[in-house]
Amino acid sequence: MYQIDTQDGLFHDGDGVSELGTVLPASWLNQIQAELIAILKAANIKPEKATQNQVIEAIKKLISLSVPSAATEDKAGIMKIINALDSIDDKSALSALQGKILNDTKLDKTGTAETALKLSTARQIGGVQFDGTKDIDLPGVNLPGNQDTSGNAATASKLTNACKIGGVSFDGTQDIDLPGVNKPGNQNTNGNANTATKLQTARKITLNGAVTGSCSFNGEGDAVINTTQVIGLGLNQNVIDVTPWRAYGTIYVNQTSSPIFLSISFLHTNKREAQLWIDSTLVGEVTTSNEDSQRKAVYGIVPPGKSYILTGNLDIRVWAEVR
């Protein structure tokens, strides 16, 4: 938007004698109107004669459209973190604390539950089906009848199938001698004992999700994982108009633990420019000319600990930050 055509670019009341008041040409007023209409159009708001807050509502809408939306199954975005395993909220992420609880109490695919209510495969005891869901009665034990007791009793003097111990056959009928144990010879002791105090191969334990971290673990001591919390853009943040506290040529640093989203809009002044730099990298720039009278803006995301600076000379309209 160009300034009023006076020598100093300002309006004057005049005294009617030595100086006349500033004349407002239709072209200047039409320019003001066009600028305001452009804001409403960008926000898809239809101008209404009786409404007096459409411009501010349009600006709020444009800023809100720049903020990431909620995450979905197909799109990344803002997501709430919950800290309860009994929640039925399908739009929130589980906290790292509850994830650790699940990890500490999980049952492997091939594991056996200590407090199962039902056997995955029912078994027969004394010819009676048993799946663990209810008590059973056995004929010949607590009901009239007989049990087939043929077979090898728990106190048998001989194994039905002989086994080898240290390479020596053993069926329980006599003592055996083992080379390298109670007689000359050697035993192959390669392998990792069931009661080993150290893993043969150290393993890496890694945490992913709302917190990240990893450590090496070989069983000699407790594992300590130093974690880093992953904080997403928009979580516990607000949209703030920081225009009064921002200026060209000043380096600002994100001293928070979350990313900051920048939205800087400009007034249209002919033949001017502006550039947004984040950590010495150019992320956005605008220029103006008579041929292009639309207002423009630059946007950027500043990671924690990184600097940002605006260079140029285009008049700033609104400098907003999500922080």
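In what follows, every heavy atom counts, from backbone to side chain, and hydrogens, waters and symmetry copies are set aside. Each residue takes its place number in the sequence, starting with 1.
Side-chain polar atoms of Ser92 and Asp89 form a donor-acceptor pair below 3.5 angstrom. Counted by atom type alone, Asp171 and Thr173 present one or more donor-acceptor pairs between their side chains at under 3.5 Å.
Here CG of Leu119 is found 10.0 Å from CD of Gln129. Values are rounded to the nearest 0.5 Å. Rounding to the nearest 0.5 Å gives a distance of 9.0 Å between CD of Gln3 and CG of Asp8. Once rounded to the nearest 0.5 Å, the distance linking CG of Asp279 with CD1 of Ile309 reads 12.0 Å. To the nearest 0.5 Å, the span separating CG on Leu310 from CG on Leu262 amounts to 9.5 Å. Remark: Trp277 CH2 to Leu282 CG distance equals 4.5 Å, nearest 0.5 Å. Rounded to the nearest 0.5 angstrom, Asp241 CG and Lys60 NZ are separated by 11.5 Å.
When the side chains of ILVMFWY residues are joined at heavy-atom separations under 4.5 Å, either directly or via intervening members, Leu36 and Ile4 end up in a single hydrophobic cluster. The hydrophobic clustering, which links ILVMFWY residues whose side-chain heavy atoms are closer than 4.5 Å, places Trp245 and Tyr308 together. At a threshold of 4.5 Å between side-chain heavy atoms, the hydrophobic network of Ile, Leu, Val, Met, Phe, Trp and Tyr places Leu138 and Phe130 in one connected group. Placement of Tyr299 and Ile278 in two distinct hydrophobic clusters is found when ILVMFWY residues are connected by side-chain heavy-atom separations under 4.5 Å, directly or transitively. A single hydrophobic cluster is seen to contain both Phe266 and Val242, as judged by linkage of ILVMFWY side chains at heavy-atom distances under 4.5 Å, directly or through other members.
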- Query: Could you walk me through whether Gln98 and Asn83 pass the side chain to side chain contact (heavy atoms under 4.5 Å, CB included) check?
  - Reply: CA-CA 6 Å; Gln98 296 302 326; Asn83 190 36; 3.3 Å; yes

- Task: Could you go through the side chain to side chain contact (heavy atoms under 4.5 Å, CB included) check for Arg323 and Thr256 one step at a time?
- Result: CA-CA 8 Å; Arg323 55 164 52 234; Thr256 72; 4.1 Å; yes

- Evaluate the criterion side chain to side chain contact (heavy atoms under 4.5 Å, CB included) for residue pair Asp177 and Val168; output intermediate values, then yes/no. CA-CA 8 Å; Asp177 297 317; Val168 179; over 6 Å; no

- Message: side chain to side chain contact (heavy atoms under 4.5 Å, CB included), that's the test. Do Ile59 and Glu57 meet it? Break it down for me.
- Response: CA-CA 5 Å; Ile59 293 173; Glu57 291 301 321; over 6 Å; no

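Of all heavy-atom pairs between Val17 and Asp15, the closest is N-OD1, 2.9 Å. Between Ala320 and Ile63, the closest heavy-atom pair is CB-CD1, 4.3 Å. Here the shortest heavy-atom pairing between Pro139 and Val128 reads CD-CG2, 4.2 Å. Considering every non-hydrogen atom in both Ile225 and Ser214, the closest pair reads CG2-N, 3.5 Å. Of all heavy-atom pairs between Ser307 and Ile251, the closest is CB-CG2, 3.8 Å. Contact detail for Leu159 and Phe170: the closest heavy-atom pair is CD1-O, 3.8 Å.
Judged by distance alone, with hydrogens and angles left aside, the side-chain atoms of Asn103 form no donor-acceptor pair with the main-chain N or O of Gly99 at under 3.5 Å. A donor-acceptor distance shorter than 3.5 angstrom exists from the side chain of Asn254 to the backbone of Ser258, with no hydrogens or angles considered. Judged purely by atom type and a 3.5 angstrom limit, Asn238 has no side-chain atom pairing as donor or acceptor with the backbone of Ile240. Using modelled atom types, no side-chain atom of Gln31 and backbone atom of Trp28 make a donor-acceptor pair closer than 3.5 Å.
The environment of Gln255 atom CD is sparse: at most 12 non-hydrogen atoms of other residues, nucleotides or ligands sit within 6.0 angstrom. Atom CG of Asn236 has 12 or fewer heavy atoms from other residues, nucleotides or ligands within 6.0 Å. No more than 12 heavy atoms of other residues, nucleotides or ligands sit less than 6.0 Å from atom CG of Asn226. When the shell of 6.0 Å around CG of Asn182 is examined, it contains more than 12 heavy atoms from other residues, nucleotides or ligands. Within 6.0 Å of the NZ atom in Lys296, the count of heavy atoms belonging to other residues, nucleotides or ligands exceeds 12. The environment of CG in Asp13 is sparse: at most 12 heavy-atom neighbours from other residues, nucleotides or ligands sit within 6.0 Å. Other residues, nucleotides and ligands contribute more than 12 heavy atoms inside 6.0 Å of the CG atom of Asn142.
Taking the ring axis of Tyr252 as reference, the NZ or CZ atom of Arg246 stays within 45° of it and closer than 6.0 Å to the ring centre.
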Identify all side-chain donor-acceptor contacts of residues 312-319 below 3.5 Å with residues at least two apart in sequence or on another chain.
{"unit_1": "Asn313", "atom_1": "OD1", "unit_2": "Glu273", "atom_2": "N", "d": "3.1"}
{"unit_1": "Asp315", "atom_1": "OD1", "unit_2": "Arg272", "atom_2": "NH1", "d": "3.2"}
{"unit_1": "Asp315", "atom_1": "OD2", "unit_2": "Thr269", "atom_2": "OG1", "d": "3.1"}
{"unit_1": "Trp319", "atom_1": "NE1", "unit_2": "Glu321", "atom_2": "OE2", "d": "3.1"}

Side-chain donor/acceptor pairs under 3.5 Å, residues 39-55, sequence neighbours excluded:
{"unit_1": "Gln54", "atom_1": "OE1", "unit_2": "Glu48", "atom_2": "N", "d": "2.7"}
{"unit_1": "Gln54", "atom_1": "NE2", "unit_2": "Lys46", "atom_2": "O", "d": "2.6"}

